[in-house]
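Just below is one structure, and these are the notes that go with it.
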Number of protein chains: 2
Amino acid sequence: MLTDRQLLILKVIVDEFVDTAQPIGSRNIAKKEQVGFSPATIRNEMADLEELGFLQKTHSSSGRMPSEKGYRFYVDHLMDPLKLTKDEIKRINKYFSHKMIELERVMENSANILSELTQYMTLVLGPEIFETKLKQVQIVPLNQHSAIAILVTDTGHVEHRSFVIPQGLDQSDLEKTVNILNEKLVGVPLVYLDRMIKKEVRGLIKQYTSDFSQAYHLLEEALLIDLPTNLYVSGKGNMLNQPEFNDIEKIKILFSMMESEEQIAPLLKSKEEGTHIFIGRENKIEALNDLSLITSTYTIGEDQVGTIALLGPTRMDYAKAVAMLQLWSKQMSQSLKSWYDEN
Amino acid sequence: MLTDRQLLILKVIVDEFVDTAQPIGSRNIAKKEQVGFSPATIRNEMADLEELGFLQKTHSSSGRMPSEKGYRFYVDHLMDPLKLTKDEIKRINKYFSHKMIELERVMENSANILSELTQYMTLVLGPEIFETKLKQVQIVPLNQHSAIAILVTDTGHVEHRSFVIPQGLDQSDLEKTVNILNEKLVGVPLVYLDRMIKKEVRGLIKQYTSDFSQAYHLLEEALLIDLPTNLYVSGKGNMLNQPEFNDIEKIKILFSMMESEEQIAPLLKSKEEGTHIFIGRENKIEALNDLSLITSTYTIGEDQVGTIALLGPTRMDYAKAVAMLQLWSKQMSQSLKSWYDEN
DNA sequence: TGTTAGCACTCTTTTCATTCGAGTGCTAAT
DNA sequence: ATTAGCACTCGAATGAAAAGAGTGCTAACA
């Protein structure tokens with residue numbers, strides 16, 4: 001068990017290191033108001049804390065900095081739950097006072113605003129695409145020659161695609177087609193749309209419309225929508241300001257990793273709801289081994305639909321990051337709920 | 001006037017420097033096959049070329065590298081018009097063999113593909129927003145409570161916005177509203193939409209619909225669309241691989257500049273059609289003073305609607321960049337034309 | 001017995017001088 | 001007109017020395 005004095009010293013070291021990114025020496029700790037002991041005493045305590053694995057040195061005569069175990073302990077037991085400033089709360093609430101339009105815009109905006117507020121990177125993962133289903137199909141004629149196909153999913157995602165109406169197709173053909181589509185495709189997960197079209201709809205269209213190949217071709221073109229983006233990353237540039245990224249090679253690795261949805265998404269697919277902190281090598285991906293990730297799930301009603309996360313150096317302001325993330329995901333969930341309730 | 005030998009040496013230096021990013025010494029030039037003179041001779045010629053302003057040294061005993069004037073001369077008179085590889089041409093043509101859907105997607109994809117092909121940054125500027133006009137308004141009911149407003153512009157941009165139907169509004173109110181909107185707002189530039197709604201439409205709605213304030217509120221919410229994005233930037237990460245960006249501060253400046261549409265857009269609003277090259281300080285913006293920008297306009301039919309550009313270090317492969325850009329903008333124009341002709 | 005002052009020791013960072021090498025510019029020879 | 005030769009310049013790399021921050025240990029103190 002750690003003594004109160006050790007706890008205090010550990011806390012001071014973490015707080016100070018988060019602030020300065022420099023190893024902390026005993027003299028500097030002794031200068032702090034809350035600390036009433038001499039540098040020598042602190043050195044002894046620090047030696048003990050190091051032996052216990054909470055602190056580490058960069059070299060034999062350097063000051064101490066927290067180890068991953070130190071951060072973990074800090075996060076679990078020492079961290080002051082941070083009050084956000086009124087300005088920050090205001091800013092967040094202001095964003096959510098507007099009506100939510102589409103989940104995707106909310107995700108994108110969230111990523112942008114949070115990374116600006118925290119100065120870390122923000123990752124926002126949306127609902128499992130595999131579970132997103134088609135809710136409605138509409139075709140809106142623009143003029144004689146062209147029309148827009150509109151697809152709405154159960155997450156509120158709206159996809160539109162303009163296309164040229166094949167010659168020989170008339171209004172009633174279009175209407176019939178739309179009816180068939182709605183009948184057969186509503187409720188089908190987006191990822192199965194193309195298979196479903198081939199399997200079920202193809203035959204029906206042949207049966208009901210006057211010009212089969214035209215209509216079918218049109219269909220394929222209009223309905224093969226790109227799957228909605230599922231991951232938003234924002235604030236990469238912020239990392240350039242972090243001293244741990246003064247090395248261009250590190251930046252390259254991080255940036256290129258962030259381009260690849262396949263690599264990031266699994267990190268965020270957290271199984272349990274709530275807020276979770278992954279410090280350094282607690283992240284299984286090597287490129288993130290000197291970063292920390294804080295994730296928080298958000299919901300629509302009861303359904304946990306996605307994750308919003310902050311990524312920063314292990315030396316990050318955990319209290320602030322957690323506070324921000326929790327407030328944000330709460331507001332976001334509320335806001336999504338009220339929007340979905342109305343629909 | 002430069003002698004043939006000077007031209008040859010200048011060309012070799014530019015080509016070599018583009019390749020290696022290192023100042024070139026006389027010995028290395030002499031080693032080139034095409035060059036049949038001794039290092040001493042070359043040194044004399046280089047001294048002359050330097051005096052004329054085509055070459056420069058990094059310090060008094062370094063090799064030579066091209067000055068901006070040198071690049072300018074190279075680009076105007078020496079550059080071999082590069083043949084793209086079959087692979088590259090194939091890749092470009094393949095992209096344009098698909099049907100174009102929306103200008104914005106074309107822009108976005110163009111930025112991505114070109115920056116991958118060239119390893120430089122790509123900027124794509126779309127049509128003047130001020131000139132983009134509303135072409136059609138549609139409202140598609142989703143269910144009892146909500147609907148989607150769809151706005152189509154004359155550039156093919158489709159904007160959708162879901163909204164909640166105010167209680168008390170019935171189907172016929174909606175229809176009337178849409179009719180009024182189409183009558184009054186079609187042809188209005190997007191940037192004037194809100195003013196126009198306030199000025200013209202407000203009164204009419206009051207007159208025709210049973211519940212004025214509801215309908216008007218709905219309208220404001222649904223029609224205050226974000227203006228379509230006009231600028232796409234891609235390939236920022238490529239710059240990390242350029243040796244001229246081994247300094248983090250430079251990267252920060254460049255990246256933060258690229259976040260600001262207001263700063264970049266003016267660069268691309270070129271008045272004359274065709275391809276233009278701006279080398280180093282020929283760019284009026286200071287942050288781009290050691291970069292080069294190559295712009296190329298693209299058209300829809302006769303109308304020059306936008307600009308596509310590559311941004312790289314002054315030491316860039318101008319021949320390849322120009323070739324890529326020209327092929328791309330040509331294909332893009334053709335492709336857009338055929339799409340618009342069909343509409 | 002817990003705390004602290006004092007001091008030798010360690011390791012990094014900074015500075016300065018030296019050396020090394022690539023490359024020039026000039027001169028003299030071809 | 002060209003080129004070989006050589007002194008000279010400057011940056012980059014190397015290394016030694018000094019400065020500075022901080023530790024660990026010992027001995028003294030309350």
Side-chain angles (χ1 to χ4, degrees), chain A residues 1-10 12-17 19-67 70 243-244 246-247, chain B residues 1-10 12-17 19-67 70 243-244 246-247:
Chain A
M1 257 312 50
L2 297 183
T3 65
D4 281 355
R5 193 163 68 188
Q6 286 173 323
L7 296 178
L8 174 60
I9 289 174
L10 179 54
V12 168
I13 289 177
V14 176
D15 286 335
E16 192 70 13
F17 186 72
D19 207 41
T20 63
Q22 298 296 327
I24 322 296
S26 53
R27 267 176 55 85
N28 282 311
I29 296 176
K31 277 184 209 142
K32 295 265 147 196
E33 285 184 16
Q34 329 118 48
V35 179
F37 350 102
S38 74
T41 309
I42 293 168
R43 282 201 289 279
N44 290 328
E45 297 288 22
M46 289 202 292
D48 291 347
L49 283 169
E50 184 176 0
E51 208 167 332
L52 291 167
F54 294 107
L55 296 180
Q56 62 186 94
K57 294 194 265 196
T58 58
H59 58 87
S60 73
S61 72
S62 78
R64 303 301 206 296
M65 53 185 274
S67 65
E244 20 284 271
N246 53 10
D247 179 10
Chain B
M1 259 309 51
L2 298 182
T3 65
D4 282 354
R5 193 162 69 189
Q6 286 173 325
L7 295 178
L8 175 61
I9 290 174
L10 178 54
V12 168
I13 290 177
V14 175
D15 285 335
E16 193 70 13
F17 186 72
D19 206 43
T20 64
Q22 299 295 327
I24 322 296
S26 53
R27 267 175 56 85
N28 283 310
I29 296 176
K31 278 184 209 143
K32 295 266 148 193
E33 284 184 18
Q34 329 118 47
V35 178
F37 351 100
S38 74
T41 309
I42 293 168
R43 281 202 290 280
N44 289 327
E45 297 288 22
M46 289 202 295
D48 291 348
L49 283 168
E50 184 176 1
E51 208 166 329
L52 291 167
F54 295 107
L55 297 179
Q56 61 186 94
K57 294 194 264 196
T58 59
H59 57 86
S60 73
S61 72
S62 77
R64 303 299 206 296
M65 53 184 274
S67 65
E244 21 282 273
N246 53 9
D247 179 9

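For clarity, every value in this text was computed on a predicted model and none was experimentally measured.
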Q: Find the distance A:F37:CZ to D:dC29:P and express it as a whole number of Å.
A: 23 Å
Q. Taking C-beta and beyond as the side chain, do B:L2 and B:L52 meet within less than 4.5 Å on heavy atoms?
A. yes
Q: Ignoring hydrogens and angles, tell me if any N or O in the side chain of B:S67 forms a donor-acceptor pair with the backbone of B:G53 under 3.5 Å.
A: yes
Q) Is there a donor-acceptor contact under 3.5 Å from the side chain of B:S62 to the main chain of B:T58? A) yes
**Q.** Separation between CG of B:L49 and CG of B:N44, rounded to the nearest 0.5 Å
**A.**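 Between atom CG of B:L49 and atom CG of B:N44 there are 11.0 Å.
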(Q) Check this one for me: any side-chain N or O of B:R5 less than 4.0 Å away from OP1 or OP2 of D:dT2? (A) yes
Q: Kindly say if A:N28 contacts the phosphate of D:dA21, meaning a side-chain N or O under 4.0 Å from OP1 or OP2.
A: no
Q | Identified side chain to side chain contact (heavy atoms under 4.5 Å, CB included) partner of B:I42 from the options B:L8, B:N28, B:V35 | A |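 Result for side chain to side chain contact (heavy atoms under 4.5 Å, CB included) with B:I42: B:V35.
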**Q.** The single option from B:M65, B:M46, B:R64 passing side chain to side chain contact (heavy atoms under 4.5 Å, CB included) against B:K57
**A.**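 Answer to the side chain to side chain contact (heavy atoms under 4.5 Å, CB included) test with B:K57 among B:M65, B:M46, B:R64: B:R64.
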(Q) By nearest heavy atom, map B:G63 and B:A40 onto DNA chain C; which one lands nearer the 5' end? (A)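 Nearest nucleotide further toward 5': that of B:G63.
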Q.
Reading DNA chain C in the 5' to 3' direction, which nucleotide is the first one with an atom under 4.0 Å from a heavy atom of chain B, and which is the last?
A. C:dA22 to C:dG25
Q) Just wondering, are more than 12 heavy atoms of other shown residues or ligands nearer than 6.0 Å to CD in B:Q34? A)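 Buried by this count: over 12 neighbours within 6.0 Å.
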Q: Only pairs at least two apart or in different chains count here, so list each salt bridge (charged side-chain N to carboxylate O under 4.0 Å, His left out) that has a residue in residues 29-48 of chain A.
A: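 Matches after skipping sequence neighbours: A:R5-A:E45, A:E16-A:K32.
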Q. Got a sec? Which of residues 41-62 of chain A come in under 4.0 Å of DNA chain D, heavy atoms?
A.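 Within this stretch, A:R43, A:M46, A:K57, A:S61, A:S62 sit under 4.0 Å of the strand.
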